[in-house]
Amino acid sequence: MGDVPEPHIGWTFLTNYARVLVAIADDQNVRIRDIAARCRLTERAVQKIIADLEQDGYLTHTRQGRSNAYRIEPGTVLRHPADNGLNVADLLRLLAQHDGTSQRP
């Protein structure tokens, strides 16, 4: 068990769901432990976020031995009415413009 990350005080632009999705987009074979460290979340929180994303069709996974390979469903539309017409691929593309070294869909 790792240490519990230090909580963030105040608001942020990205949700934890977006952060987890970006981590998976960067490495579809990433471990939950590594997502948690990158996003400064607990492993339990990451597991819950992944389960929610899978339940709503944004993400699927397949077992490969002892690990998972994730697949983001790029055509899935964003949930908020203000984001009407945008999908996951649009969001990841926008975030990738900020970080030119990432390999996102």
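In what follows, every heavy atom counts, from backbone to side chain, and hydrogens, waters and symmetry copies are set aside. Source: prediction; values computed, not measured.
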- Message: Set out, in order, the CA-CA distance, both residues' side-chain angles and the distance that settles side-chain contact (heavy atoms from CB on, under 4.5 Å) for Leu41 and Arg19, then state yes or no.
- Response: CA-CA 10 Å; Leu41 299 169; Arg19 287 187 181 91; 5.8 Å; no
- Item | Any Leu78 side-chain heavy atom under 4.5 Å of Asn84 side chain | no
- Query: Which residue, Glu73, Gln28, Glu54, Arg71, forms the side chain to side chain contact (heavy atoms under 4.5 Å, CB included) with Leu59?
  - Reply: Glu54
Polar side-chain atom of [X] near backbone of [Y] as donor-acceptor pair, under 3.5 Å:
| X | Y | answer |
| --- | --- | --- |
| Tyr58 | Val77 | yes |
| Asn87 | Asp90 | yes |
| Thr76 | Val88 | no |

Give, for atom [atom1] of [X] and atom [atom2] of [Y], the distance between the pair rounded to the nearest 0.5 Å.
| X | Y | atom1 | atom2 | answer |
| --- | --- | --- | --- | --- |
| Lys48 | Leu53 | NZ | CG | 10.0 Å |
| Thr60 | Asn68 | OG1 | CG | 10.5 Å |
| Thr62 | Gln64 | OG1 | CD | 5.0 Å |
| Leu14 | Cys39 | CG | SG | 10.0 Å |
| His80 | Thr15 | NE2 | OG1 | 12.0 Å |
| Leu21 | Leu91 | CG | CG | 7.0 Å |

- Task: Begin with the C-alpha distance, continue with both residues' side-chain angles, and end with the deciding distance and a verdict on salt bridge (Lys or Arg N to Asp or Glu O under 4.0 Å) for Asp34 and Arg38.
- Result: CA-CA 6 Å; Asp34 297 329; Arg38 174 178 172 165; over 6 Å; no
- Query: How far apart are the closest heavy atoms of Ala23 and Val30, and which atoms are they?
  - Reply: O-CG1, 4.2 Å
- Message: If you count heavy atoms of other groups shown closer than 6.0 angstrom to CZ of Arg79, is the number above 12?
- Response: no
